[in-house]
Amino acid sequence: MPKPNVYVTRMLPKPAIDLLKEHFHVEINPKNRVLTRDELLKNVQGRDAVVSLLTDIIDEEVLTAAGQKCKIFANYAVGYNNIDVAAATESGILVSNTPGVLTDTTADLAWALLFATARQVVAADKFMRLGQYLGWDPLLFLGQDITGKTLGILGSGRIGTATAKKSIGFDMKVLYHDIKPNPDFEMAVPGSQFVNKETLLKQSDFVSIHVPLLEATKHLISDREFKLMKKTAILINTARGPIVDEKALVRALKDGEIWGAGLDVTEYEPDFESELAEFDNVVILPHIASASIETRTMMGLMAARNVIAALNDELPPNCLNPGVLNHQR
Ligand SMILES: NC(=O)c1ccc[n+]([C@@H]2O[C@H](COP(=O)([O-])OP(=O)(O)OC[C@H]3O[C@@H](n4cnc5c(N)ncnc54)[C@H](O)[C@@H]3O)[C@@H](O)[C@H]2O)c1
């Protein structure tokens with residue numbers, strides 16, 4: 001019997017590909033870029049499983065193109081706003097993600113952005129490289145203190161909790177907001193307080209976003225929210241770009257409504273509002289929050305294990321629509 005046929009939409013760390021190849025015939029997008037829509041539609045056809053990325057829009061059309069034989073779309077990300085899970089369920093296709101293994105790596109990057117933005121590390125480094133440093137200057141690159149300040153966490157799940165925990169060494173007050181209070185968060189971060197979104201925005205020196213991208217969270221931070229924030233506040237976004245209204249962010253920075261922003265994600269990736277690049281108090285990264293060698297390897301192995309389970313008619317460990325399995329059996 002021929003081995004099941006698995007398609008991977010972009011090259012992943014080698015251990016993940018090796019694991020898939022132990023079990024399946026594996027084909028990988030040979031190009032070092034995101035597949036075009038046409039390429040995606042063509043390449044999912046006739047596969048038993050697909051490993052997809054957050055840059056692949058997996059909607060009804062793609063699921064239909066994949067066809068009846070396909071058992072799973074294993075997403076190489078914890079966020080799955082790129083996949084129409086309801087349509088996949090309707091089509092009898094399992095969907096999985098990679099939760100947990102990237103939690104600390106993403107939280108670490110939220111802190112890297114917080115430090116870099118508060119102390120203008122990137123602009124100061126550029127200044128040195130350009131040979132502009134002429135000697136110690138009392139007014140050069142004055143930033144914002146971090147120790148003892150208030151950290152506001154929007155979304156108290158895995159990454160929000162890990163980000164908040166790391167503030168303990170900086171003697172920070174932690175406020176958080178979620179759809180409901182989270183006792184696990186409060187246990188992990190002693191002294192933290194659940195507040196409504198408005199209070200969090202008004203009182204925080206640093207606002208760090210950790211909610212998923214949903215209809216309800218698109219433009220969660222827009223003009224009204226920037227007006228509530230402190231003029232000295234810094235916004236950190238390592239979640240998804242469209243959660244922040246980027247045009248409103250530019251306005252808020254221009255009008256001095258907030259002090260700075262650290263962004264791992266932008267509204268229209270890979271594009272971003274070009275004016276953001278003009279601010280020394282803005283740090284923008286190319287969506288690298290989970291990009292450590294260890295974590296990207298673990299994410300790949302996790303996606304591969306989800307595929308292996310699905311193609312053995314078992315429940316994938318990180319399945320988002322387990323009910324589908326009953327129909328596949
Ligand atoms: N930049 C990156 O590379 C990167 C890496 C990992 C995760 N992420 C993003 O981070 C997100 C969070 O990941 P996680 O593992 O912590 O997820 P999680 O599910 O553990 O936590 C999300 C939290 O947000 C809360 N939430 C949902 N809707 C909300 C709303 N309207 N208002 C307030 N809170 C709300 C949920 O109740 C939950 O507590 C992912 O969905 C993903 O999009 C980005």
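All values derive from a computational prediction rather than experimental measurement. All ligand and atom numbering here is 1-based and tracks the order in the structure.
Chaining together hydrophobic side chains whose heavy atoms lie under 4.5 Å apart places Ile236 alongside Leu109, Trp111, Leu113, Leu114, Phe115, Val122, Ile146, Leu151, Ile153, Phe170, Met172, Val174, Tyr176, Phe185, Val189, Phe194, Phe206, Ile234, Trp259, Val283, Leu285, Ile288.
Neither side chain, Asn29 nor Arg10, offers a donor N or O lying under 3.5 Å from an acceptor on the other. In this model, no donor atom of one side chain and acceptor atom of the other lie less than 3.5 Å apart for His177 and Glu198.
In this structure, CG on Leu53 lies 9.0 Å from CD1 on Ile58, to the nearest 0.5 angstrom. Ser204 contributes atom OG, which lies 7.5 Å from atom NZ of Lys230 (distance to the nearest 0.5 angstrom).
A salt bridge links Asp59 and Arg37; the closest N-O separation between the charged side-chain nitrogens and carboxylate oxygens is under 4.0 Å.
Closer than 4.0 angstrom to ligand 1 sit non-hydrogen atoms from Val78, Gly79, Leu102, Thr106, Gly155, Ser156, Gly157, Arg158, Ile159, Asp178, Ile179, His210, Val211, Pro212, Leu214, Thr217, Thr238, Ala239, Arg240, Asp264, Val265, His287, Ala289, Ser290.
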